[in-house]
Number of protein chains: 2
Amino acid sequence: MNKKYTIKDIAQLAGVSKGTVDRVLHKRGKVSDDALKKINEVLDVINYEPNLIARNLKNNKVYRICILLPDPKIDPYWLPCIKGIEDAVQEFRAYNFAIETFFFNPEGKKSFLKINETVLEKSPDAVLLPPLFHKETLEVIKKYDELNIIVNTFNNQVQSDSIKSFVGQDLFHSGRVAAKLLDLLLKKGQIAIIHIDESIKNAIHMQEKERGFRNYFSEKQNQDYNITTLKLKNPNVEINFNNFLNENPDLSGIFISTSKAYQIAKVISETKHKKIAVIGYDLIENNVNYLNQGVIDFLIHQNQKRQTYLGVTSIIEFFLFDKQIPNTILLPIDIVNSENASFYIE
Amino acid sequence: MNKKYTIKDIAQLAGVSKGTVDRVLHKRGKVSDDALKKINEVLDVINYEPNLIARNLKNNKVYRICILLPDPKIDPYWLPCIKGIEDAVQEFRAYNFAIETFFFNPEGKKSFLKINETVLEKSPDAVLLPPLFHKETLEVIKKYDELNIIVNTFNNQVQSDSIKSFVGQDLFHSGRVAAKLLDLLLKKGQIAIIHIDESIKNAIHMQEKERGFRNYFSEKQNQDYNITTLKLKNPNVEINFNNFLNENPDLSGIFISTSKAYQIAKVISETKHKKIAVIGYDLIENNVNYLNQGVIDFLIHQNQKRQTYLGVTSIIEFFLFDKQIPNTILLPIDIVNSENASFYIE
DNA sequence: AATATTTATGTTTTCGAGCACAATATTTAT
DNA sequence: ATAAATATTGTGCTCGAAAACATAAATATT
């Protein structure tokens with residue numbers, strides 16, 4: 001039925017040697033029309049799939065993959081990524097891969113450019129990175145492309161022909177999910193969209209989320225909401241938000257576009273105030289605490305761990321099994337409340 | 001640094017032949033104390049990991065895995081499982097596995113027992129099944145165990161020493177997640193827990209969900225809710241629920257413990273009634289339609305596809321790589337609304 | 001026609017683990 | 001002391017793909 005044919009089988013069936021079969025399969029060397037015909041006739045009938053185990057046994061090239069990651073010590077958002085990388089390394093440790101992670105400072109473009117110099121010197125076969133800085137990313141990607149180094153991205157999307165793949169979430173829809181949740185909780189009232197520490201590096205991130213959030217309500221044509229956008233910068237986030245709260249006593253819902261929801265939650269929990277619905281991002285410890293206390297109602301989980309896991313494994317499987325790297329992998333937008341949070345955290 | 005050592009390397013370092021090293025590694029045959037000592041000294045210093053590729057190349061045993069699945073034509077709940085199995089098969093097609101799926105009628109224990117006869121005749125190396133019928137499952141599992149056939153379960157948990165592994169969700173917490181969602185939407189009022197077509201096969205399923213649901217509210221000690229349980233059976237679900245609605249005009253929330261929420265949603269959408277919050281299970285087409293219409297507020301996704309995928313792959317990796325099968329794999333309890341549903345559906 | 005060159009095809013080795021079998025060393029029995 | 005039995009160790013083959021290498025056949029050059 002589905003017997004596994006080998007090159008030797010094909011050679012026998014076609015009445016040639018396995019060397020000739022190999023040349024046909026890999027389109028190398030010259031083969032006579034006669035032999036080609038005979039082999040193709042066999043290949044048409046049977047379903048040949050090369051044994052990937054045997055292929056990779058002989059292959060002793062060490063593939064080098066470099067991963068660029070914002071330092072989790074500076075922004076804990078990136079911490080789960082390390083586990084995702086480790087999982088991938090573990091799963092494919094039988095194969096010849098040298099996978100190295102390089103940390104850069106997410107606040108500084110210089111750090112990003114510098115680390116790319118280091119990576120270039122390693123002359124890797126593939127690079128995985130979050131394209132936080134738009135212009136700088138395009139620069140470095142161009143260099144990689146010229147050297148035939150595969151570039152995969154995660155976290156946020158940047159358009160470039162030099163990018164082979166993107167793993168992440170649809171940020172526009174992520175904003176819509178948040179909007180739907182608030183809509184369900186509130187039905188009407190004043191809503192604030194809060195961006196904290198908006199810098200160039202994640203401005204697009206936040207804008208997309210806001211666009212989706214507003215899109216949901218404008219599609220509903222619901223006039224019962226009053227939506228304002230608030231941009232706050234550390235170290236004045238708490239003071240300024242407190243002022244905003246005092247000036248807007250009727251505020252009933254908040255959508256925070258980054259993982260800094262805990263800063264807002266802190267102010268709210270310290271203030272006597274009617275219940276405000278709060279939706280934020282990411283299951284970092286501070287956020288989960290406020291989720292469990294009931295100050296934050298929902299967190300949207302961006303699944304960083306799986307982003308890097310899939311980013312790395314798709315590269316590995318490309319080299320090992322000639323598996324095509326998907327252009328885009330969109331991960332589900334996980335809605336998290338106090339009751340299911342633990343299942344998303346390792 | 002982390003050079004990969006081979007048996008040949010060890011043999012050279014220890015000054016013996018690779019045959020002897022092999023005997024030590026596999027504790028087979030007799031080896032002199034002298035040789036054992038020399039080899040162990042080498043093994044203490046270096047970190048030997050056998051090359052799994054080479055090992056599996058030679059291994060031409062065909063492992064047989066049988067999967068028992070309720071017929072998706074009878075209950076579409078099980079449809080995604082097929083994709084999960086296919087994914088696993090695809091991923092490991094390079095290896096020698098014969099993976100066969102057998103369908104049984106989820107309504108009938110006889111069908112289940114009969115299909116187990118068929119599976120037994122195949123003398124598989126491992127079996128994956130959802131233990132829907134408690135007593136019957138224990139019976140068949142005992143037989144498998146006596147024949148040294150590995151038994152993995154998914155969907156719902158049954159206690160037995162003969163079961164190697166369970167993949168699924170924590171149903172108690174699943175009920176709590178639903179409760180938390182309703183609590184957030186309602187704050188107070190009358191809530192109905194509805195079990196549809198409760199039969200022995202999934203009675204425990206439903207009971208666990210109800211237990212978690214009620215546990216959440218009793219923990220909160222909130223007296224503002226009035227929770228009643230309603231058991232409905234087809235073909236009278238719609239009529240009986242309609243009656244219930246008329247008798248309870250103040251009903252404000254419903255939790256349906258199975259994938260049949262669409263039956264309830266249908267009645268609600270056909271009735272002039274104030275908004276009732278509805279939470280159900282599973283992203284089957286009918287449910288998602290009512291989710292998009294706003295009749296159902298949330299669906300809890302039980303991720304059947306991933307359940308079977310993980311159930312199968314953990315068996316495969318056990319045979320291939322001696323990887324231990326995890327006793328329990330608990331999948332996250334995914335909260336789904338109209339905005340993120342599409343990302344969970346393939 | 002004889003030799004050089006190109007083109008086509010077949011053979012052999014390699015990768016690492018695993019295991020059968022052959023070879024050698026040691027012990028036991030007579 | 002020597003044959004036989006047993007214990008220990010070494011060798012070589014297998015798995016399938018890949019590619020280097022070797023050979024054979026066909027064509028070109030003088």
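Reckoned from all heavy atoms, side chains included, excluding hydrogens, waters and symmetry mates. Computed from a prediction, not measured in an experiment: that's the story for all the values here.
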Presence of salt bridge, A:Glu117 and A:Lys143, under 4.0 angstrom = yes

Is a salt bridge present between A:Asp22 and A:Lys18, judged by a nitrogen-to-oxygen distance below 4.0 Å?
-> no

Can you tell me the pairing partner of C:dT13 across any strand shown, Watson-Crick or G-U wobble, with both distances under 3.5 angstrom?
-> D:dA18

For B:Asp22, report the nucleic acid contact type (base, sugar-phosphate, nothing); a contact means any heavy atom under 4.0 Å.
-> base

When all nucleic acid strands are considered with a 4.0 Å heavy-atom cut-off, which category describes B:Ile7: base, sugar-phosphate, or nothing?
-> sugar-phosphate

Does C:dC19 pair with anything, Watson-Crick or G-U wobble, both distances under 3.5 Å, and if so, with which nucleotide?
-> D:dG12

Is there a Watson-Crick or G-U wobble partner for D:dA28 with both distances under 3.5 Å, and if so, which one is it?
-> C:dT3

Note: A:Glu86-A:Arg93 ion pair, threshold 4.0 Å (strictly below) | no

Under 3.5 Å, is there a donor-acceptor pair between the side chain of A:Glu49 and the main chain of B:Ala94?
-> no

Scan B:Arg28 against the nucleic acid and name what it touches under 4.0 Å (heavy atoms): base, sugar-phosphate only, or nothing.
-> sugar-phosphate

Interatomic distance, A:Arg23 CZ vs D:dA20 P [rounded to whole Å] | 12 Å

Do any side-chain nitrogens or oxygens of B:Thr6 fall under 4.0 Å of OP1 or OP2 in C:dC15?
-> no

Mapping A:Lys58 and B:His26 to their closest nucleotides on DNA chain C, which lands nearer the 5' end?
-> A:Lys58

